[in-house]
**Q** 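Handing you a structure now.
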Amino acid sequence: MVSSSSSPTVSSRARILLSLLKTNPFRKLETDDLNANPPTFSVFCGGTELYSFPASQSDATERVQENVRHFIGNYISVFVVIFLISLYKQPIAFLTLLASFPVKDYLDHLITKRGLDQTYPFIRRLLLFISKAGW
């Protein structure tokens, strides 16, 4: 008979992975980490033989935070490349986003100038909500 403590079960591994959803990966990040030179991409995308499944939830949390701290430059580079590719593939979406900023500012100015923000405070709150929602 095999003891459950000798080998991790699927449910224990799932519990460890689900615990990472509550983790703040940027908690240990400092400004010096952002200024440091990032490791090469061969280290960032290194072989999987170096990896092992974390033994506990605290170990998983610690490893995620250290990984982000160590590879933050690489993650930023990957994000910028994906962002630029999406701009190349869908430039209209980006131009629409850029065009929405002056429209929002104009509407805000118009509402303030006419005093509608005092008469109808809901309009200002609605405009603020729309701008925060990504319009």
Side-chain angles (χ1 to χ4, degrees):
M1 186 176 238
V2 176
S3 169
S4 63
S5 63
S6 65
S7 65
T9 63
V10 174
S11 64
S12 68
R13 286 186 173 195
R15 201 175 12 245
I16 290 171
L17 290 176
L18 289 174
S19 73
L20 293 177
L21 295 175
K22 298 184 292 186
T23 302
N24 178 4
F26 305 109
R27 191 182 70 156
K28 291 189 176 184
L29 195 61
E30 298 175 358
T31 53
D32 293 339
D33 299 326
L34 297 171
N35 294 332
N37 288 333
T40 63
F41 273 94
S42 61
V43 173
F44 180 62
C45 301
T48 58
E49 65 275 356
L50 301 174
Y51 304 119
S52 64
F53 201 83
S56 67
Q57 293 177 359
S58 60
D59 184 36
T61 301
E62 182 71 25
R63 286 168 65 173
V64 165
Q65 290 171 343
E66 286 301 315
N67 184 289
V68 168
R69 199 177 133 270
H70 187 67
F71 292 111
I72 190 67
N74 299 93
Y75 288 126
I76 291 172
S77 299
V78 168
F79 173 78
V80 167
V81 167
I82 290 172
F83 180 73
L84 291 175
I85 289 171
S86 69
L87 286 181
Y88 174 73
K89 296 295 246 174
Q90 296 180 342
I92 299 299
F94 181 68
L95 295 175
T96 304
L97 176 68
L98 287 180
S100 70
F101 293 128
V103 170
K104 184 253 179 205
D105 288 339
Y106 173 73
L107 289 174
D108 192 34
H109 173 71
L110 189 65
I111 288 169
T112 306
K113 181 179 174 184
R114 300 214 180 196
L116 295 176
D117 59 338
Q118 302 298 323
T119 309
Y120 305 104
F122 173 74
I123 293 175
R124 182 176 268 294
R125 280 187 267 148
L126 178 66
L127 192 60
L128 184 65
F129 173 75
I130 290 171
S131 67
K132 286 189 176 190
W135 182 47

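Because the structure is a prediction, the values reported are computed rather than measured.
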**Q** In terms of hydrophobic clustering (I, L, V, M, F, W, Y; side-chain heavy atoms under 4.5 Å; direct or indirect links), are V43 and V81 co-clustered?
**A**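 Result: no, two separate clusters.
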
**Q** Can you name the residues that form a salt bridge (Lys or Arg N to Asp or Glu O under 4.0 Å) with D105, not counting sequence neighbours?
**A** none

**Q** Is there a path of hydrophobic side-chain contacts, each under 4.5 Å between heavy atoms of I, L, V, M, F, W or Y residues, that connects I92 with V103?
**A** no

**Q** OG of S100 to CG of L95: how many Å apart, nearest 0.5 Å?
**A**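 With rounding to 0.5 Å, OG (S100) is 11.0 Å from CG (L95).
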
**Q** Please name the pair of heavy atoms, one in F53 and one in R13, separated by the smallest distance, quoted to 0.1 Å.
**A**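 Smallest heavy-atom distance, with atoms named: CE2-CG, 3.3 Å.
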
**Q** Taking C-beta and beyond as the side chain, do F41 and S77 meet within less than 4.5 Å on heavy atoms?
**A**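 Side-chain contact under 4.5 Å: yes.
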
**Q** According to the side-chain hydrogen bond (donor to acceptor under 3.5 Å, both in side chains) rule, which pairs have a member within residues 35-47, sequence neighbours left out?
**A** T40-S42

**Q** Out of T61, V64, N67, I72, which residue meets the side-chain contact (heavy atoms from CB on, under 4.5 Å) rule with P25?
**A** V64

**Q** Under 6.0 Å from the CD atom of E66, do we count more than 12 heavy atoms belonging to anything else shown?
**A**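 Enclosed.
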
**Q** Working to the nearest 0.5 Å, report the span between CG of L18 and OG1 of T23.
**A**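 Rounded to the nearest 0.5 Å, the CG-OG1 separation comes out at 11.0 Å.
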
**Q** Can you hop from V10 to I16 via hydrophobic side chains spaced under 4.5 Å?
**A**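 Result: no, two separate clusters.
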
**Q** State, to 0.1 Å, how close P38 and N74 come at their nearest heavy-atom pair, and which atoms those are.
**A**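 Minimum heavy-atom separation between P38 and N74: CB-OD1, 3.6 Å.
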
**Q** Is there a path of hydrophobic side-chain contacts, each under 4.5 Å between heavy atoms of I/L/V/M/F/W/Y residues, joining I85 to Y88?
**A**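 No: no chain of side-chain contacts under 4.5 Å links Y88 to I85.
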
**Q** Going by salt bridge (Lys or Arg N to Asp or Glu O under 4.0 Å), name the pairs with one or both residues in residues 31-40, residues two or more places apart or in two chains.
**A**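 Passing the test, one end in residues 31-40: D33-R69.
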
**Q** Minimum heavy-atom separation for S19 to Q57, with atom names?
**A** OG-CG, 3.6 Å

**Q** Does a side-chain heavy-atom distance below 4.5 Å link L34 with I76?
**A**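 Of all side-chain heavy-atom pairs linking I76 with L34, at least one is under 4.5 Å.
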
**Q** Can you tell me how far the CG atom of N24 sits from the CD atom of Q65, to the nearest 0.5 Å?
**A**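 Reported to 0.5 Å precision, the distance equals 7.0 Å.
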
**Q** Please assess S86 against K89 for the test side chain to side chain contact (heavy atoms under 4.5 Å, CB included), listing each intermediate value before the final yes or no.
**A** CA-CA 5 Å; S86 69; K89 296 295 246 174; 5.7 Å; no

**Q** Closest approach of P54 and R63, non-hydrogen atoms and distance?
**A** CA-NH1, 3.2 Å

